[in-house]
Every structure is written in structure tokens, then in C-alpha cells.
**Q** 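Have a look at the structure that comes next, please.
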2 protein chains.
Amino acid sequence: MTTAEPAPIELPEEPTQARRFGKARTAQSAALLEDYAELIADLLATGGEARPTDIARRLGVSHATAIKAIARLKREGLATARPYRGVFLTEAGEHLAGRVRLRHRLVVDLLLAVGVPREAAEQDAEGIEHHVSDATLAAFSRFLAGR
Amino acid sequence: MTTAEPAPIELPEEPTQARRFGKARTAQSAALLEDYAELIADLLATGGEARPTDIARRLGVSHATAIKAIARLKREGLATARPYRGVFLTEAGEHLAGRVRLRHRLVVDLLLAVGVPREAAEQDAEGIEHHVSDATLAAFSRFLAGR
DNA sequence: ATGAAAATGTAGCCTTGGCTACACTTGGTT
DNA sequence: AACCAAGTGTAGCCAAGGCTACATTTTCAT
Ligand SMILES: [Mn+2]
Ligand SMILES: [Mn+2]
Ligand SMILES: [Mn+2]
Ligand SMILES: [Mn+2]
């Protein structure tokens, strides 16, 4: 034989595929808020305060960009902030941050468990975490527990 | 004891964290082109042609949105298309589609292997695939081979 | 107390990726 | 040959998420 057998291509049903892509887009649009919420919670927990400049530096964006995102967090009821006074999370924001942090850790742990090198795991988890459903998260937990 | 021990929070170094977030943003901006390339290749392979309306229906977006994305594919040298004549992939586009399809399959297979239910695996893979680095992909391959 | 540096906020610009509405081809039926 | 439906393209709108430049407020050292 000259080449490996190319696996046959089969397309999902059209409505199924459209639904999957749509959900992936929805997950993506939530990603930014999730990262901000998680980071703000971490900064508050470790340093005591979450200032726009700190947030911006950690995310690698300009402070203007961070301030606009914080405005969106406020608009969506996840954070509070008064001018020149730092950012805090609402109940909803804290709750979101908690779930996001758990997901983040589980994704990293699963990647490590299947043999992904540490830094790749930490890097890839930052994107992957936003696309892990509850069902998948549960499977990750079971897999990690049973070994 | 009353509550589970809350794992201690430690933040990555600032430049490290900024680099990770930046890479995740870059990966995200490539995601749309990857999905289009993969889908166009699949349509060409199975149906013989990839028309804007088909692409739009499968992605769950309007045909106008699809046409604009196809324009971007052309701009970036991944596709060719003449008015009213359907879309084709360039060498670069075919190559991208091939890599994306492989990644997509490996991600689904890995999720199944760790116990994720079929539909959740297919769904989550659609987003996860865009954040899987070569190092992680290699680890997935090894994991799947050794069992 | 004051002056400089740092942080914060605002304005205006850009690209991406959505959408709807409308105009124009194309291709099959009659 | 003509018509009509489907497909295609274009225009114009919007929100998100980037940026730079500039104005304002705080904070900190002197
Ligand atoms: Mn993230
Ligand atoms: Mn995270
Ligand atoms: Mn995808
Ligand atoms: Mn895919």
C-alpha cells in the first residue's frame, strides 16, 4: 500500500450542524466575560483589589479596552465599579467566576492527565475552557477520579 | 469538617498570563476561517460543489454573512470564487482544511475516549478544536494510540 | 502643600461578524 | 421564448472588541 486509508467524509444533517455552529458562536461570545470575571475574582482574592490597569496588563490589552469590557460587565449585572475606585463582582459575578475557575482547573488537569505538557496545557486551556459543556465537564471529573 | 478545602489561588506571572490570553485571542480569530475551509472541503468532497447558500445553511448564518466570509477567504488566499459560480479552495485552503479536519476528528475521538457522550463530544469539539496546539494534538494521538 | 507620575476615563477610529432589505443573475418550466 | 423561483450579490445597519490620543483625577514624594 502507498497511502493510509483516508477516512470517509460524512456530513452531519444540516440542522444538526447549524445548531452546533450556533452554540459554538454563543459560547465564544460569553468567553470574554468569563475571563474577566475569573481574573477579577483572582485579583480580589490575592491582592485585595482589581484595578482596570492591572486587569489590562494581565490580559495584554490597553487600559481603554479593559475599561470598556468592565462597562459591559456592569451592564450585564456581573460587576460594580465607581469611578477611580476599582472593580468588584456582584453575586452573579462571583458565581460565574467560581464556575469558570473550576472549569479552568478541570480542563488543565484533564489535559495533564492525558499527557499534554504543562505549558501547552495551561495555554490551550485558556481557550478550550469556554467550550466545555456540563456533560463534558462531568466526564472529565469522572475520568480524573477513576485513576 | 464543614466545607471542602478551597484550592489556593495562585496567579501566573503577569507577562505569562498576558501572553496566554493573547494567543487565545489569535486562535479565536483564526477559528472562522478554519470552519469555513473545513466545511467547503467537505461539501466539495461529498456533493461536488460548495455554494454560498449551502455554506450559509450549514453554518446557520444568513447567505449575506457567508458571502462576506468567503470574500475574506479569498482575500487571505484560501479560496477562489467567480460570481454565481461556487467556491473552491486554493492549495493553501486545501492544506488548511486537511489539518483542521484531522484536528476536529482527534478532538472528538479524545473526548469520546475519556467518556464524553457522543453528542456533547461533537458539539464541544466544534469550539475546542480551534484552541488545540500541536503539542496537545500530539499528546492526544499518543493517548489514543496507547490503549 | 504642591507638583509630577500614575491611574482612570472619554472620544474617535478600525475590523470582524452578525443582520435585513433590495437588486440582479441564472436556470429550469411551461 | 418568457417567466418565476432560487441563488447570488450589494448596501447599510449594528455590536463587540481592539487600538491611539487626549483629558481628568488621584496618589505619592518632596
Ligand atoms: Mn479563557
Ligand atoms: Mn481561564
Ligand atoms: Mn469549529
Ligand atoms: Mn470543525
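Predicted model only: the values in this text are computed from it and were never measured. Proteins come first, then strands; the chains are lettered A, B, ... in the order of their sequence lines, and each starts at number 1.
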**Q** Atom CG in A:Asp54, atom CD in B:Glu14: separation rounded to 0.5 Å?
**A** 7.5 Å

**Q** Once you round it to whole Å, what is the distance between C1' of C:dT16 and CD of B:Gln28?
**A** 12 Å

**Q** Reading DNA chain D in the 5' to 3' direction, which nucleotide is the first one with an atom under 4.0 Å from a heavy atom of chain B, and which is the last?
**A** D:dG7 to D:dG18

**Q** State whether a side-chain donor-acceptor pair under 3.5 Å links A:Ser133 with A:Thr136.
**A** yes

**Q** How long is the span from the NE2 atom in A:His104 to the NE2 atom in A:His130, to the nearest 0.5 Å?
**A** 8.5 Å

**Q** Hey, are A:Gln123 and B:Arg20 close enough side-chain-wise for a donor-acceptor pair under 3.5 Å?
**A** no

**Q** Are the side chains of B:Leu43 and B:Arg58 in touch, meaning some heavy atoms are under 4.5 Å apart?
**A** yes

**Q** Of all the heavy-atom pairs spanning B:Ala37 and B:Ala97, show the shortest one and how long it is.
**A** O-CB, 3.5 Å

**Q** Name every residue in residues 77-87 of chain B that has at least one heavy atom under 4.0 Å from any atom of DNA chain C, in order of residue number, or write none if there are no such residues.
**A** B:Tyr84, B:Arg85

**Q** Picking from C:dA21, C:dA7, C:dC19, which would you name as closest to the side chain of B:Val61?
**A** C:dC19

**Q** Indicate whether any N or O donor in one side chain lies under 3.5 Å from an N or O acceptor in the other, for A:His131 and B:Glu126.
**A** no

**Q** Locate the shortest heavy-atom distance separating A:Leu110 from A:Phe143; write the atom from each residue and the value.
**A** CD1-CD2, 3.8 Å

**Q** Rounded to the nearest angstrom, tell me the gap between atom CG in A:Leu32 and atom P in C:dT16.
**A** 18 Å

**Q** Taking for each residue the nucleotide of DNA chain C bearing the nearest heavy atom, is the 5' side occupied by B:Ala64 or by A:Ala64?
**A** A:Ala64

**Q** Show, in sequence, the C-alpha distance, side-chain angles and deciding distance for B:Glu34 and B:Arg103, and conclude whether the salt bridge (Lys or Arg N to Asp or Glu O under 4.0 Å) test is met.
**A** CA-CA 11 Å; B:Glu34 292 180 351; B:Arg103 227 192 315 151; 3.2 Å; yes

**Q** Any base atoms under 4.0 Å from A:Thr53, or only sugar-phosphate, or nothing? Heavy atoms, all strands.
**A** sugar-phosphate

**Q** Please find the pair of heavy atoms, one from B:Ile55 and one from B:Tyr36, that lie closest to each other, and give the distance.
**A** CG2-CE2, 3.6 Å

**Q** Taking atom P of C:dT10 as reference, at what distance in whole Å does atom CD1 of A:Ile70 sit?
**A** 12 Å

**Q** Quantified as the angle between the terminal helix axes (five pairs each), what is the overall bend of the helix from C:dA1-D:dT30 to C:dT30-D:dA1 to 10 degrees?
**A** 0°

**Q** Judged by each residue's nearest nucleotide on DNA chain D, which is more toward the 5′ side, B:Lys68 or A:Gly60?
**A** B:Lys68

**Q** Can you tell me if A:Arg25 touches the phosphate of C:dC19, counting only side-chain N or O atoms and a distance under 4.0 Å to OP1 or OP2?
**A** no

**Q** CZ of A:Phe21 versus P of C:dG17: gap in Å, rounded?
**A** 14 Å

**Q** Contact between B:Leu73 and B:Ile40 at the side-chain level, heavy atoms closer than 4.5 Å - yes or no?
**A** yes

**Q** Between C:dT16 and B:Ser29, is there an OP1 or OP2 to side-chain N/O distance shorter than 4.0 Å?
**A** no

**Q** For the side chain of B:Arg75, counting heavy atoms from C-beta on, which of C:dT8, C:dC19, C:dT16 is nearest?
**A** C:dT16

**Q** For the pair made of CD1 in A:Ile67 and P in C:dT10, what is the distance, rounded to whole Å?
**A** 8 Å

